[in-house]
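Notes follow once the structure below has been shown.
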Protein chains: 2
Amino acid sequence: MPKVTKLKATQNVAPKRDVTEDKSDETKPTVTIVDKTQTKKRKASASPVKKAKKALLTNEDDNAENAEGASTNVKQPAAMTLQTSERVSCKGEKSTLKLASWNINGIRAWITNGGSKYIEKEQPDIICFQELKCDKDKIPIEATPAGYKSYWLSGDQAGYSGVGLLTKVEPIDVKFGIGVAEHDTEGRVITAEYDKFYLVVTYIPNSGRKLVRLSYRQQFNRVFHTYLKELEKKKPVIWCGDLNVSHQSIDLTNPKTNTKTAGFTKEERDDFSKILADGFIDSFRYLYPDKRDAYTYWAYFRNARQRNIGWRLDYFILSSSLQETICDSLIQNGVYGSDHCPIVLLLAI
Amino acid sequence: MPKVTKLKATQNVAPKRDVTEDKSDETKPTVTIVDKTQTKKRKASASPVKKAKKALLTNEDDNAENAEGASTNVKQPAAMTLQTSERVSCKGEKSTLKLASWNINGIRAWITNGGSKYIEKEQPDIICFQELKCDKDKIPIEATPAGYKSYWLSGDQAGYSGVGLLTKVEPIDVKFGIGVAEHDTEGRVITAEYDKFYLVVTYIPNSGRKLVRLSYRQQFNRVFHTYLKELEKKKPVIWCGDLNVSHQSIDLTNPKTNTKTAGFTKEERDDFSKILADGFIDSFRYLYPDKRDAYTYWAYFRNARQRNIGWRLDYFILSSSLQETICDSLIQNGVYGSDHCPIVLLLAI
DNA sequence: CCTGTCATG
DNA sequence: CATGTCAGG
């Protein structure tokens, strides 16, 4: 654990850092990424079918005259700089703890897409993953860079769900699941206990097409709410991950047409509101109450990411008692490797 | 139907044409293929994952220093000439009918792989396909070049089996299946009646891993044998396709280790022998009784095609009465687009 | 290894 | 439009 600095109480002024400017070159430091995916020793192989169905426009042929072509939804664009956050000054001192969270949509694909390079550049103290889609015994070593301890939880169903956590500092304790058998088969929750807080990484159940799992989701929400409050009796809680809900209209591009879509139903939003009303802070919205167009997820279809048709589904939610420690809450929408982008929380704690 | 020339009886001399030399440049005519797969208007797309898992070595990067890399098992190698057969002189006159047969292992992939270009170059009068793996309503138009009529039969199970036939000359009649309900659900047989013969295109059931379907295969063989003999009462028969059996040891690279493998069991070989003994000719083996290393199928794994570790599974089998019309029987092992290569039968009929 | 499918998002 | 899975070969 990085040095913990107890903060003097100061007024709640949101840092001037603007998340939607993250893609500008002003955000420093930036690191130019050289894609080594293709040079990695990998068996030469055959069929161009899937390839033809997919990327015409990858790093390799970026020079081609595909000016009109859509740029990739997944891979770090060529000659682009990989966003990293600096340990911004926060109320007069540097933040001491950097947390990241990322729904990586398949850890193997994410590695192939170069997503794991992000960790080495960003150097978060802790990073949380959702949607491993991989049995924990099959997780490639590349997923755990030097200096991190890793904790993985996969669901019973192969290739479905799964969460993980990389941490530079050894936690006091790590628990898998929430201790309720019927909600612990899908690999959705890891709780890591640190000195000053619990970190709860979650992949909250998606309500599904036609909301087929909405009622299950509501059950889960209820039980999970209780779980968080139990933890909080002992220590402040940092709850993060893909919460599969956009809280308010400002949190997605098309609120009006999505009131019956998983992720923006009244039920999901209300459940989320209830938790927030019960002593938790949505760190990003707390710092940037009016910030529009700040999304963490874009559908793969119809060039949604290019057009920034997205949803804010990924959060760092903190016990109110941690309010004073919040330095910044970032959405790194210029980082590729999944249909979600990573989010970062900077704390002075 | 091309002009039908009745042949004078002559002695059975196999033409000097050597199938294993087909990849040499001596085989003419050849046509240099320019790959247009990549220029086809196709939506620009995203993920390099499947791509990375697959071709490092495709036409585009053939110039790269991948000298050691395996060349593709599927796609026409860059700057290679696509084999075509000439209408070889046959007993003093040109052959009048060119038939082709190809297990294309998924007609959509085959098109993407450039397989359909073969037809326009080769210009067979009739071409038979096996393993469409595609509902007949979803078969792309590109599968039927100008000048051909097409007939498709798909199995009940989506993405499984299926056979087809393109023909320049309209058949007198076309029948789907063999008229035995229990054997007509998998899209395995089309019978096209022409003036001088029946053409029967088949995808004979694979006996499966661990021979789980061997007994079904034997049933099918029995019923199908009867079917052929029934047809023959009316007209000579040309039976072609993927017969899923290598007849003798000479017909596969590793006969010794494959006696319990689907395609080279005693049961399959004996059934095939029985049909041949019942008045049919294996055109290729008839012309080239000692020709080794002549295969029509190579497993996708372990660079089997490059190393020519293969099986002869595709045949033109003719009623003995057609013996005198056989001009040549070719295995076009330099033509790519599937794990099988096309075969060609040239007749003077 | 490569083709399809299917469920999930 | 991606990620997985699985059967089939």
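A quick note: this is a predicted structure, and the numbers were derived from the prediction, not measured.
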How long is the line joining [atom1] of [X] and [atom2] of [N], in whole Å?
{"X": "K133(A)", "N": "dC1(D)", "atom1": "NZ", "atom2": "C1'", "answer": "11 Å"}
{"X": "N105(B)", "N": "dT5(C)", "atom1": "CG", "atom2": "C1'", "answer": "14 Å"}
{"X": "E186(B)", "N": "dG4(C)", "atom1": "CD", "atom2": "P", "answer": "18 Å"}
{"X": "N303(B)", "N": "dC1(C)", "atom1": "CG", "atom2": "P", "answer": "8 Å"}
{"X": "R213(A)", "N": "dA7(C)", "atom1": "CZ", "atom2": "P", "answer": "15 Å"}
{"X": "Q306(A)", "N": "dA2(D)", "atom1": "CD", "atom2": "P", "answer": "12 Å"}
{"X": "Y216(B)", "N": "dG8(D)", "atom1": "OH", "atom2": "P", "answer": "14 Å"}
{"X": "D314(B)", "N": "dG9(D)", "atom1": "CG", "atom2": "P", "answer": "15 Å"}

Report yes or no: is the cationic atom of R188(A) (NZ for Lys, CZ for Arg) under 6.0 Å from the centre of the six-membered ring of F176(A), at an angle within 45° of the ring normal? no

Apply ring pair (Phe, Tyr, Trp, His ring centres under 6.0 Å) to Y203(A) and list each qualifying residue two or more places apart in sequence or on a separate chain.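 Counting only residues at least two positions away or on another chain, Y203(A) forms no ring pair (Phe, Tyr, Trp, His ring centres under 6.0 Å).
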
[X]: salt bridge (Lys or Arg N to Asp or Glu O under 4.0 Å) partners, not counting sequence neighbours:
{"X": "R213(B)", "result": "E186(B)"}
{"X": "K210(A)", "result": "none"}
{"X": "K266(A)", "result": "D270(A)"}

List the residues meeting side-chain contact (heavy atoms from CB on, under 4.5 Å) with D184(A), not counting sequence neighbours, and say none if there are none. I178(A)

W311(B) side-chain N/O to T253(B) backbone N/O, donor-acceptor pair under 3.5 Å: no

Looking at [options], which one has an atom nearest to any side-chain atom of [X]?
{"X": "E131(B)", "options": "dG4(D), dG9(D), dT5(C)", "answer": "dG9(D)"}
{"X": "Y160(B)", "options": "dT5(C), dG9(D), dT3(C)", "answer": "dG9(D)"}
{"X": "F301(A)", "options": "dG8(D), dG9(C), dT5(D)", "answer": "dG9(C)"}

Under 4.0 Å between any heavy atoms, over every strand shown, what does Q157(A) touch: base, sugar-phosphate, or nothing? Just pick one.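 Nothing, no nucleic acid heavy atom in range.
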
Does anything in residues 201-212 of chain A reach DNA chain C, meaning a heavy atom under 4.0 Å, and if so which residues? Y203(A), N206(A), R209(A)

Report yes if a side-chain nitrogen or oxygen of R108(A) is closer than 4.0 Å to either non-bridging phosphate oxygen (OP1 or OP2) of dA2(D); otherwise report no. no

dT3(C) OP1/OP2 closer than 4.0 Å to side-chain N/O of N113(B): yes

